[in-house]
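Step one of this worksheet: look at the structure below.
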Amino acid sequence: MEKIEHKNVSVNGINMHVAEIGEGPAVLFVHGFPELWYSWRHQMLYLSNKGYRAIAPDLRGYGDTDCPSAIDSYTALHIVGDLVALLDVLELEKVFLVGHDWGASICWYFCLFRPDRIKALVNMSVEFRPRNPLRKPTDMMREFLGDDYYMCRFQKPGEVEEEFASIDTAKIIIGFLSSRDTSPPRVPKEIGFHQVFAQSPATLPSWLTAEDVNYFAQKLNKTGFTGGLNYYRNLDKNWELTAPFSGCKIHVPTKFIVGDLDITYHVPGIKEYIHNGGFKKEVPNLQEVVVMEGVAHFINQEKPDEISAHIYDFIQKF
């Protein structure tokens, strides 16, 4: 890890922390919640050894990147704007794009807004779903999954932060990263997140070290969780702002990877959407779909070597 270089750059009105290693065609990695550039540490080393320039920022609201205070400063337009500005600062006309979790959602938006900057996409866990012009996302979530669904619980500013503040941050990290429960996460207020994370395993999974947990926890103790939670609080705002893109498809060459124990893969209807033609209809240049057996949500960290190889095998074609 000591070979990875770190710098801060000014993009889109904020200061962004960027990790980088290697020379050659550029690969931009986009992390999810509650993560950091560090989530891509294995892939960065692997691809830099294969002749690529690996670039992984802390997204706004995370780590050593600025955390604007306004909730509406975390829309998809802001996040993609940060990344486009980063490419401009680095003088990169086009990059390979790799995303996971919220990072995958941001990558889909990036490919909608600025496909001219992307050579090819490798996305993980979160599939592209077309915008429903009739229903806001949180309305649909509440109807199908209830008010206790975690994304719905995240909506009220300050409420979840207060719960998280009473829990050891390391336990939260371990709870998120090591979970293998495929049922929709529901957290009734009377139970609370404290009880959920109290069940975090005492023994870390083999792919996650105490050093890893401490790195995530240290950065989140500095910033808090508000920045990351604000991504969820803009689900409906993103829906409003992307009205001009209703019906648009993703035309970037794409590879999609998901674990068969990923909670996203077990949302009702998703398997059918992915495998029965719906996904391909919305992403016409979807070239590969990989379902990894026995792997949960944080796939790039749980199976780093396999994911690194999957990324390399795809992008080296272009």
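Residue numbers count from 1 along this sequence.
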Short side-chain to backbone donor-acceptor contact, [X] and [Y], under 3.5 Å:
X	Y	answer
D58	W37	yes
R114	V84	no
E163	V160	no
R60	Y74	no
K303	V295	no
E302	A296	yes
N132	L134	yes
T65	G63	no
N238	T75	no
T264	S125	yes

With ring pair (Phe, Tyr, Trp, His ring centres under 6.0 Å) as the test, pick out the partner of F193 among F225, Y150, F164.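 Of all the options given, the one that passes is F164.
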
- Pick one: which of F298, F29, Y46 meets ring pair (Phe, Tyr, Trp, His ring centres under 6.0 Å) with W40?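 Testing each of F298, F29, Y46 against W40, the sole residue satisfying ring pair (Phe, Tyr, Trp, His ring centres under 6.0 Å) is F29.
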
>> If only side-chain N and O atoms count, and only distance matters, is there a donor-acceptor pair under 3.5 Å linking H297 with D262?
In response: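 There is such a pair (donor and acceptor under 3.5 Å, judged by atom type) between the side chains of D262 and H297.
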
**Message:** Can you confirm whether the side chains of T209 and D212 place a donor and an acceptor under 3.5 Å from each other?
**Reply:**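 Indeed, the side chains of T209 and D212 share at least one donor-acceptor pair under 3.5 Å.
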
To check you understand the geometry: which heavy-atom pair defines the closest contact between [X] and [Y], and what is its length?
X	Y	result
P284	I250	CD-O, 3.1 Å
L121	V252	N-CG1, 3.9 Å
I21	L45	CD1-CD2, 3.8 Å

Between Y62 and Y231, does a ring pair (Phe, Tyr, Trp, His ring centres under 6.0 Å) hold up when you go through it step by step? CA-CA 11 Å; Y62 287 95; Y231 286 59; 5.7 Å; yes

query = Going through the distances and angles, do D181 and S183 end up as a side-chain hydrogen bond (donor to acceptor under 3.5 Å, both in side chains)?
reply = CA-CA 6 Å; D181 186 352; S183 59; 2.7 Å; yes

- Message: Looking at E20 and R53, is any side-chain nitrogen of the basic one under 4.0 Å from a carboxylate oxygen of the acidic one?
- Response: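 Yes, this pair counts.
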
Original post:
Is the shortest distance from a Lys or Arg side-chain nitrogen in R41 or E211 to a carboxylate oxygen in the other one below 4.0 Å?
Top reply: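 Between E211 and R41 there is no salt bridge, as every charged N stays at least 4.0 Å from the carboxylate O atoms.
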
(message) Membership question, hydrophobic clusters at under 4.5 Å side-chain separation (ILVMFWY): are V126 and F128 in the same one?
(response)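 Different clusters: F128 never reaches V126 through Ile, Leu, Val, Met, Phe, Trp or Tyr contacts under 4.5 Å.
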
- Message: Same cluster or not: L235 versus I71, using hydrophobic residues (I, L, V, M, F, W, Y) connected whenever any side-chain heavy atoms lie under 4.5 Å apart?
- Response: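 No; I71 is not reachable from L235 via cluster members.
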
Review point. Looking at F318, is K119 sitting on its ring face, NZ or CZ under 6.0 Å from the six-membered ring centre and within 45 degrees of the normal?
Key: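 Because its charged atom misses either the 6.0 Å distance or the 45° angle limit, K119 does not stack over F318.
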
- prompt: More than 12 non-hydrogen atoms from neighbouring residues, nucleotides or ligands closer than 6.0 Å to CD on E5, yes or no?
  reply: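 Open.
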
To the nearest 0.5 angstrom, please state how far the CZ atom of F96 sits from the CD atom of Q316.
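Reported to 0.5 Å precision, the distance equals 9.5 Å.
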
- Query: What distance do L97 atom CG and I55 atom CD1 have between them, rounded to the nearest 0.5 Å?
  - Reply: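 L97 atom CG to I55 atom CD1 measures 11.0 Å (nearest 0.5 Å).
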
Would F245 and Y109 count as a close aromatic pair, with their ring centres under 6.0 Å?
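Between F245 and Y109, the centre distance exceeds or equals 6.0 Å.
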
- Validation row, ring centre W102 to ring centre F33 under 6.0 Å: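 No, ring centres 6.0 Å or more apart.
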
